[in-house]
Every structure is written in structure tokens, then in C-alpha cells.
Amino acid sequence: MTIERRSFADKPTLAKELAEAVADRIRQAIETRGEAAIAVSGGSTPARFFQALGKTKDIDWSKVVVTLVDERWVDETNDRSNALLVNEKMLQGPAAIARFFPLYSGGSEPDAAGVARTNALLADLPRPFAAVVLGMGSDGHTASFFPGGDTLAEALTAEGPTLSIRAPGAGEPRITFTLPRLLQADGLYLHIEGEEKAAVLDTALGEGPTEDMPIRAVLRSGHAVNVYWCP
């Protein structure tokens, strides 16, 4: 494992430092490849980070593509939509001119046709990612790699780029980038907050099967993982 753990005093400091790290990756990608793509996670944890990154002025946001690590299969007006969070918290101010690639592509279920539509929309996504920012649930899931997921094994091994997944702890059906595609990243970050998440990470770093705590697939991938944590 190549894990670098960084601890911060509070949530605003973590958000600022993570935003600066991702901004550096974006600038480097634009300089070397002419464009940059980032994939970010939803939920309540990254809101401050989104706001801090979106306010960064010294990025040519017209050359940036933002997408999601995973998404509930709901449209962007749904309050459980990760896309809604990104649009409201990050793609404002300087970042408003960035391109956004959503994962939800219409319909009531992420069936084969829906996933095919999403994958077609992602065909123009720059590769590799400049940065991928993951979160982690108390059950050890990351992205939509949930314990008990009906396509978990495929999600951890397939080229993708995305596939659908349903799991007892997932709520709605979801669509997620596959792990091999997420690992195609200059920088890979794990953003977690609170003592409970620190304990979950410690457990995940120990022995045990990947299917019980899918975050282990990331931690054991061989890719450097930068953990950003605060109480």
C-alpha cells in the first residue's frame, strides 16, 4: 500500500488544503496535456471542498471537465442528486465555465441502454484524470462499490467506464465509474471526516476480504492514495 495520511484541525482547513492540491493537479494537467478532467464524490462531506475549489481563480476553467465518481439514478433536480450538489457548490464563480459530464442519462432505471448512453457521453472525457476525489461510507464503500452490490466484482475489475449497481445499502439504483478507470488518475484522494471514519479506515487497512469493505480495493491497488482527514 502507498498511503499518505494527512490530518487537519478542522473541516475548513481540510477543504482549503484539498482544494489547493486538486487545483495543482488541474494546472499541471492543463500545462502538459492542454486540458484536465476531475472526478468527485457526492454526499454532504465535500461541500466545503467544492466551494473552495470553485473559487480558485488561477485555473483556466474553460479547459476543465468535471464529472462524478458515481451517481444515484436520479435527475439533476432531485435533492439526492450528486450532480445538483456539484452544480450548486462548485460550478459557480470562476468554475462556472467548466464543462460538466453527468452520469445520469435519463430513464427510470440504469438499464443496459441507460449505461450505454452514459458511456457514450463520456467518450470525450479527457484521460487520465488529473484528480479523483473519493469518499468512504461507514460500511467501507467508496464510489458505488457497496458490500453486497450485484455487480461489485465487475465494478472492481472491468474497464468500464461505468456500470450500474444495486446494493442493500445503496438506496436508489446507481451508476459508478469502475475502479480501473478511476485509477487512471494523476492524483487519487480519499476525503473523510470524523473519528468513526478514521476507525473504518484503520479497519480497512488491516486484513480482510475486499468484498466486505470495498475501499480495500482502492487501498490495495498499488496507486498512491492521499488521505485527507479531520475530526
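Just so you know, these numbers use all the heavy atoms, side chains as well, and skip hydrogens, waters and symmetry mates. Only a predicted model underlies this, so the values are computations on that prediction, with no experimental measurement involved.
When each of Leu53, Asn87, Leu91 is checked for a side chain to side chain contact (heavy atoms under 4.5 Å, CB included) with Val66, only Leu91 meets the rule. Here the options are Leu85, Val22, Val86, the test is side chain to side chain contact (heavy atoms under 4.5 Å, CB included), and the partner is Val40; only Val86 passes. Considering Asn226, Leu182, Leu183, Thr2 in turn, Leu183 is the only one that fulfils the side chain to side chain contact (heavy atoms under 4.5 Å, CB included) rule with Leu188.
Across Ala167 and Gly149, no two heavy atoms sit closer than the pair CB-CA, 3.6 Å. Here the closest heavy-atom approach between residue Pro128 and residue Gln184 is recorded as CB-O, 3.3 Å. Pro110 and Val115 make their closest contact through O-CG2, 3.9 Å (heavy atoms, listed as atom of the first residue, atom of the second, distance). Nearest heavy-atom pair across Pro147 and His141 is CD-CB, 4.0 Å. Residues Thr178 and Ala158 share a closest heavy-atom pair of OG1-O, 2.9 Å. Arg6 and Tyr228 make their closest contact through NH1-OH, 3.1 Å (heavy atoms, listed as atom of the first residue, atom of the second, distance).
The distance from atom CZ of Phe50 to atom CG of Leu18, rounded to the nearest 0.5 Å, is 9.5 Å. With rounding to the nearest 0.5 Å, the separation of NZ in Lys197 from OG in Ser138 is 6.5 Å. The distance from atom CZ of Arg220 to atom CD1 of Ile3, rounded to the nearest 0.5 Å, is 10.5 Å. A distance of 9.5 Å separates CG of Asp124 from CD of Glu35, quoted to the nearest 0.5 Å. For the atom pair SG of Cys230 and CD of Glu193, the computed distance is 4.0 Å after rounding to the nearest 0.5 Å.
The list of side chain to side chain donor-acceptor pair (under 3.5 Å) pairs with a residue in residues 55-67, not counting sequence neighbours, reads Arg27-Asp58, Asp60-Ser62. Listed by first and then second residue, the salt bridge (charged side-chain N to carboxylate O under 4.0 Å, His left out) pairs involving residues 105-122 are Glu109-Arg166 (not counting sequence neighbours).
No side-chain heavy atom of Thr45 sits under 4.5 Å from any side-chain heavy atom of Ile192. Using a 4.5 Å heavy-atom threshold, the side chains of Ser81 and Glu71 count as touching. Looking at heavy atoms from C-beta onward, Leu190 lies in side-chain contact with Leu201 at the 4.5 angstrom threshold. Contact check for Thr210 versus Ile215: no side-chain heavy atoms found under the 4.5 Å cut-off. Counting only heavy atoms from C-beta outward, the side chains of Pro161 and Asn119 approach each other to under 4.5 Å. Side-chain contact check for Leu152 versus Pro214: some heavy-atom pair is nearer than 4.5 Å. No side-chain heavy atom of Ile175 sits less than 4.5 Å from a side-chain heavy atom of Ile165. By the 4.5 Å heavy-atom criterion applied to side chains, Phe49 and Val133 are counted as neighbours.
A donor and an acceptor atom, one from each side chain of Ser105 and Thr118, are located under 3.5 Å apart. One side chain, Tyr189 or Arg25, offers a donor N or O that lies under 3.5 Å from an acceptor on the other. Between the side chains of Asp186 and Gln28, no donor N or O sits under 3.5 Å from an acceptor N or O. For Thr176 and Asp70, the side-chain atoms include no donor-acceptor pair closer than 3.5 Å.
Residues Val74 and Leu68 are members of separate hydrophobic clusters, defined by side-chain heavy-atom contacts under 4.5 angstrom among Ile, Leu, Val, Met, Phe, Trp and Tyr. Leu121 and Phe101 are assigned to two separate hydrophobic clusters, defined by single-linkage of ILVMFWY side chains at heavy-atom distances under 4.5 Å. No continuous path of ILVMFWY side-chain contacts below 4.5 Å connects Leu163 to Leu125, so the two sit in separate hydrophobic clusters. Connection of Phe146 to Trp73 is not established within any shared hydrophobic cluster, with ILVMFWY side chains joined at heavy-atom distances below 4.5 Å, either directly or through further cluster members.
Residues satisfying the salt bridge (Lys or Arg N to Asp or Glu O under 4.0 Å) test with Arg72, not counting sequence neighbours, are Glu172. Residues satisfying the salt bridge (Lys or Arg N to Asp or Glu O under 4.0 Å) criterion with Asp202, sequence neighbours excluded, are Arg5. Residues forming a salt bridge (Lys or Arg N to Asp or Glu O under 4.0 Å) with Glu159 (at least two apart in sequence, or on another chain): Arg127. Glu88 pairs by the salt bridge (Lys or Arg N to Asp or Glu O under 4.0 Å) definition with nothing, not counting sequence neighbours.
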Worked verdict on Met90 versus Gln51 for side-chain contact (heavy atoms from CB on, under 4.5 Å): CA-CA 5 Å; Met90 185 194 301; Gln51 290 174 320; over 6 Å; no

So Phe177 and Leu103, side-chain contact (heavy atoms from CB on, under 4.5 Å) or not? Walk me through it. CA-CA 9 Å; Phe177 270 94; Leu103 300 187; 3.8 Å; yes

Evaluate the side-chain contact (heavy atoms from CB on, under 4.5 Å) criterion for residues Leu84 and Asn78: first the C-alpha distance (whole Å), next the side-chain angles of each, then the deciding distance (0.1 Å), finally the verdict. CA-CA 7 Å; Leu84 179 66; Asn78 190 299; over 6 Å; no

Assess the residue pair Leu122 and Thr162 against the criterion (side-chain contact (heavy atoms from CB on, under 4.5 Å)); give the C-alpha distance rounded to whole Å, side-chain angles, the decisive distance to 0.1 Å, and a yes or no. CA-CA 9 Å; Leu122 296 174; Thr162 71; 3.5 Å; yes

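Side-chain N or O atoms of Thr13 include none that pairs as donor or acceptor with a backbone N or O of Ala9 at under 3.5 Å. His223 places a side-chain N or O within 3.5 Å of a backbone atom of Ala185 that can act as its donor or acceptor partner.
Checked against the 6.0 Å centroid threshold, Trp229 and Phe8 do not count as a close aromatic pair.
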